[in-house]
Amino acid sequence: MTRQSLSILTPLALLVLLAGFADFQLDSVGADEDYNVQELLTRETFNQVQELEKSTSSKPGGHEQKRQIPAKISKEKASQSSKKADKTPTETKSECPPMGLESLKIDDFQLHASSTKRYGLGAHRGRLNIQAGLYEDDLYDGAWCAGRDDPLQWFEVDARRLTKFTGVITQGRNSLWSSDWVTSYKVMISNDSHTWMMLKNGSDDLIFRSNREKEIPVQNIFPTPMVGRYIRVNPQSWFPSGNICMRVEILGCPMPDPNNYYHRRNEVITTDNLDFKHHSHKEMRQLMKVVNELCPNITRIYNIGKSQGGLKLYAIEISDNPGEHEVGEPEFRYTAGSHGNEVLGRELLLLLMQFMCLEYLSGNQRIRHLVEETRIHLLPSVNPDGYEKAFEVGSELSGWSLGRWSNNGIDIHHNFPDLGSVLWEAEAKKLIPRKMFNHHIPIPEWYQSKNASVALETRALIAWMEKLPFVLGGNLQGGELVVTFPYDRARSPGVTREQTPTPDDHVFRWLAFSYASTHRLMTDASRRVCHTEDFAKEDGTINGASWHTAAGSMNDFSYLHTNCFELSMYVGCDKFPHENELPEEWENNRESLLVFMEQVHRGIKGVVRDLQGRAIANAIISVEGINHDVRTAADGDYWRLLNPGEYKVTARAHGYNTTTKKCEVGYEIGATRCDFKIGRTNFSRIREIMEKFNKQSIKFPVKQLQAQRSEKRPMGT
């Protein structure tokens with residue numbers, strides 16, 4: 001944690017929430033409960049744990065404090081931040097935050113163990129919430145597992161400086177095939193790694209009760225904080241049918257030491273004075289209101305619908321003319337929180353709206369240009385019901401999946417109609433372009449029925465996507481460091497991984513790289529992998545289907561049903577980072593968020609009009625060599641994302657002649673203007689005349705025609 005970040009963190013932001021899970025009892029969950037994979041954890045089981053934990057709230061450290069609504073952002077606050085006195089973590093917090101095993105602040109060389117079953121189960125894998133590879137002998141397995149099962153084994157963390165240790169959080173092994181977890185352990189502290197002091201309960205060694213299944217994190221707070229450099233967790237008992245395996249997070253506050261090399265080397269300081277905290281749904285709405293009040297001329301708050309639990313899906317628009325679509329101005333969107341427990345993206349969008357408001361007011365020309373030339377929409381919480389569940393438990397105790405789904409158990413991000421299969425079937429039957437377009441593929445009737453398993457949140461998103469002419473969008477996810485692009489579903493049936501490019505693959509690759517390459521970590525070849533995949537080798541980007549195939553993604557739907565090119569940004573290894581890590585995560589992603597927005601101005605844009613200058617809506621814009629078209633919006637304007645080059649572009653509309661021209665796209669940011677004027681076809685003119693006669697053909701009486709013909713015949717014939 002940096003001193004700068006400490007000066008701007010909200011005082012009531014976090015740690016009392018963690019203390020509510022102290023003294024977790026062994027008898028609080030059925031003895032033989034086990035779950036083969038974390039996604040199979042039921043809400044009922046987890047809620048039982050929560051109810052039992054609440055019964056311990058009367059114990060010391062077992063209460064929670066209510067969070068305060070964020071203070072109003074102001075430029076004066078930013079100027080005052082530099083004048084605040086430096087404070088150490090121990091001065092501002094009653095308890096200590098996680099040291100960073102899950103967030104990778106603690107590197108592999110700081111983790112040690114008494115023994116290891118094999119490399120894939122080494123100490124470097126003993127990180128909270130780390131996910132395993134698919135196979136049992138994978139190099140990237142889901143925990144540290146001791147080489148022997150006896151009470152002499154230990155897992156050690158080297159803090160590399162004196163640290164006040166206050167607690168430990170543990171999980172069992174993440175595995176599809178094995179059931180391994182530790183049920184109790186001791187804790188030892190050392191300053192030199194040779195002489196160790198055991199935590200005591202009077203004259204006896206203090207034994208902490210731990211997990212009763214492998215996925216739900218269990219926290220133990222020490223009766224008295226202990227100061228040292230090294231900490232060991234010493235398992236004493238474990239699941240009888242399993243082995244000693246653990247995933248761990250340590251709670252600790254580094255002691256003041258300005259000369260510590262390791263601390264200074266890893267320190268990331270932000271100069272942005274923003275509200276770095278986790279916000280409840282009510283606090284999120286209040287923060288958006290504060291931003292709107294501070295920048296009323298460029299912001300507008302609205303909602304696109306409600307969640308299954310009745311919470312409004314709030315969005316904020318940032319534009320120089322909020323509430324209006326300006327002809328020729330592209331529309332951009334960021335969404336976050338479709339998986340409610342992937343919280344970092346939600347907070348990044350809240351930080352982004354604060355940042356853009358303050359920078360606009362301060363005269364930042366880059367931000368002013370973005371606001372004046374783009375209509376930006378930020379929707380921070382697609383799944384507020386799921387978020388509230390994870391938020392209630394806290395950043396370290398929500399595990400890997402609590403809050404991921406909507407209230408009715410639906411994965412919102414993959415709840416869209418599978419239009420890829422519809423397109424590929426039509427292509428196989430050679431129905432394109434005779435009977436079906438290669439774009440704006442309609443939603444199947446079965447999906448629109450009331451009995452379809454479609455979340456309210458998904459329906460709201462679809463209506464929003466159809467209403468506004470979005471050009472580019474990004475949905476922020478969590479748990480990895482990579483940008484994925486369509487298609488997300490493999491074209492070959494029965495295949496779990498397969499490169500499945502769109503006709504715009506070259507454009508999508510550039511868009512993905514524009515985010516990944518400007519992120520502080522995504523393309524860093526020396527960084528540690530989050531879980532099992534080394535995406536840095538692929539420049540921090542990957543085709544979705546070549547990672548893992550998934551039908552009905554928001555990305556595929558957006559591309560095939562609307563004009564919008566949509567990508568997924570996995571913005572951090574930790575889905576729900578601690579509040580003290582938000583300033584660094586903001587620094588990791590800030591430039592990427594801005595650069596990606598600027599890409600909406602790449603390619604060509606223009607307006608399609610008739611010869612009288614009237615706008616033509618729903619005209620089709622085709623680019624030679626790319627088998628995917630876009631359409632004009634209600635005002636006749638269009639945007640077509642393209643990489644630099646020269647293109648042959650065609651505009652056509654029902655009842656109009658086709659027009660083609662060459663359009664050149666440069667390397668500079670700024671779409672090339674490429675307008676079209678198209679005239680009516682002769683057939684459409686005839687139909688227009690016929691409509692004046694109430695759509696009836698112009699007919700003469702048969703006898704009159706016969707008389708006219710007889711009059712024209714020559715004499716004697």
Side-chain angles (χ1 to χ4, degrees), residues 1-2 4-5 8-9 100 102-105 266-279 284 287 316 318 332-339 341-359 364 366-367 370 376-382 395 472-485 511-524 527-528 530 535-536 539-542 566-600:
M1 175 182 277
T2 66
Q4 179 70 16
S5 62
I8 56 180
L9 287 175
E102 181 179 7
S103 66
L104 306 185
K105 274 189 173 182
N266 296 321
E267 192 172 30
V268 176
I269 299 175
T270 182
T271 58
D272 300 323
N273 193 252
L274 309 174
D275 193 32
F276 293 104
K277 60 168 284 184
H278 290 300
H279 300 80
M284 179 193 75
L287 178 59
I316 191 167
I318 303 177
F332 176 93
R333 70 167 179 255
Y334 270 132
T335 60
S338 57
H339 299 144
N341 63 329
E342 295 172 9
V343 176
L344 178 56
R346 167 194 173 102
E347 294 304 328
L348 287 176
L349 292 191
L350 294 177
L351 292 168
L352 180 63
M353 64 181 68
Q354 299 172 56
F355 176 80
M356 294 190 71
C357 171
L358 292 175
E359 292 299 304
N364 184 318
R366 182 187 187 187
I367 300 301
L370 256 178
I376 301 165
H377 303 260
L378 307 179
L379 201 167
S381 190
V382 172
S395 60
L472 179 61
N475 52 83
L476 306 188
Q477 312 269 347
E480 261 298 350
L481 277 173
V482 68
V483 180
T484 69
F485 51 90
L511 293 171
F513 184 70
S514 71
Y515 193 99
S517 62
T518 49
H519 190 279
R520 286 186 63 251
L521 298 175
M522 277 189 190
T523 56
D524 183 0
R527 74 170 177 86
R528 187 195 186 284
C530 291
F535 293 114
D539 291 325
T541 69
I542 193 170
E566 182 96 7
L567 295 85
S568 292
M569 292 79 177
Y570 290 79
V571 292
C573 299
D574 190 348
K575 288 183 176 183
F576 196 159
H578 193 274
E579 285 182 342
N580 76 326
E581 294 166 6
L582 291 178
E584 182 172 344
E585 294 292 357
W586 168 244
E587 288 297 315
N588 290 343
N589 287 277
R590 179 185 58 193
E591 181 64 17
S592 300
L593 291 166
L594 298 176
V595 166
F596 186 75
M597 279 195 287
E598 292 169 337
Q599 304 313 304
V600 77

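Worth saying up front: this structure is predicted, and the values here are computed from it rather than measured. Only heavy atoms go into these numbers, but all of them, side chains included; no hydrogens, no water, no symmetry mates.
- A heavy-atom distance below 4.5 Å is found between the side chains of P380 and M284.
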Just do the side-chain hydrogen bond (donor to acceptor under 3.5 Å, both in side chains) check on E587 and T270 with the steps written out, would you?
CA-CA 6 Å; E587 288 297 315; T270 182; 2.6 Å; yes
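- Atoms OG and CD, from S514 and E591 in turn, are 10.5 Å apart once rounded to the nearest 0.5 Å.
- Of the possible polar contacts, one joining the S592 side chain to the T518 backbone as a donor-acceptor pair under 3.5 Å is found.
- Although no hydrogens or angles enter the test, the distance criterion places no donor-acceptor pair under 3.5 Å between the side chain of E102 and the main chain of D574.
- For the pair L274/L582, no side-chain contact is recorded, criterion being any heavy-atom separation below 4.5 Å from C-beta on.
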Quick one: do Y515 and N589 satisfy side-chain hydrogen bond (donor to acceptor under 3.5 Å, both in side chains)? Show the steps, please.
CA-CA 9 Å; Y515 193 99; N589 287 277; 3.0 Å; yes
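- Residues L348 and L352 are not in side-chain contact: their nearest non-hydrogen atoms beyond the backbone lie 4.5 Å or more apart.
- For F535, the ring pair (Phe, Tyr, Trp, His ring centres under 6.0 Å) criterion is met by W547, not counting sequence neighbours.
- Under the 4.0 Å criterion applied to side-chain N and carboxylate O atoms, K575 and E342 are assigned as salt-bridge partners.
- Proximity of a side-chain donor or acceptor of R346 to a complementary backbone N or O of T335 within less than 3.5 Å is not detected.
- Contact check on E359 versus R366 returns no salt bridge, with no Lys/Arg side-chain nitrogen under 4.0 Å from an Asp/Glu carboxylate oxygen.
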Is there a side-chain hydrogen bond (donor to acceptor under 3.5 Å, both in side chains) between S517 and T523? Walk through the geometry before answering.
CA-CA 6 Å; S517 62; T523 56; over 6 Å; no
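- Remark: K105 does not engage E581 in a salt bridge, criterion side-chain N to carboxylate O under 4.0 Å.
- When all heavy atoms are compared, the tightest approach of Y570 to M522 is O-CE, 3.2 Å.
- You'll find the side chain of Q354 reaches within 4.5 Å of the side chain of D275, heavy atoms only.
- At a threshold of 4.5 Å between non-hydrogen side-chain atoms, the residues C573 and R528 do not count as touching.
- With a 4.5 Å cut-off on side-chain heavy atoms, R527 and L481 count as touching.
- Looking at every heavy atom in both residues, C530 comes nearest to L104 through CA-CD1, 4.4 Å.
- Panel note: side chain E347, backbone H279; a donor-acceptor pair is recorded below 3.5 Å.
- The closest side-chain heavy-atom distance from L511 to L472 is below 4.5 Å.
- Checked against F355 for a side-chain contact (heavy atoms from CB on, under 4.5 Å), the options L594, L593, L350 give a single hit: L594.
- Here I316 contributes atom CD1 and Y334 contributes atom OH; the two are 16.0 Å apart, rounded to the nearest 0.5 Å.
- H519 places a side-chain N or O within 3.5 Å of a backbone atom of L521 that can act as its donor or acceptor partner.
- Taking OG1 of T484 as the reference point, atom CD of Q477 lies at 7.5 Å (rounded to 0.5 Å).
- By the 4.5 Å heavy-atom criterion applied to side chains, F576 and L344 are not counted as neighbours.
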E566/N475 under side-chain hydrogen bond (donor to acceptor under 3.5 Å, both in side chains): CA gap, chis, key distance, verdict:
CA-CA 7 Å; E566 182 96 7; N475 52 83; 3.0 Å; yes
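- Here the CG atom belonging to L378 is positioned 5.0 Å from the CE atom belonging to M353, to the nearest 0.5 angstrom.
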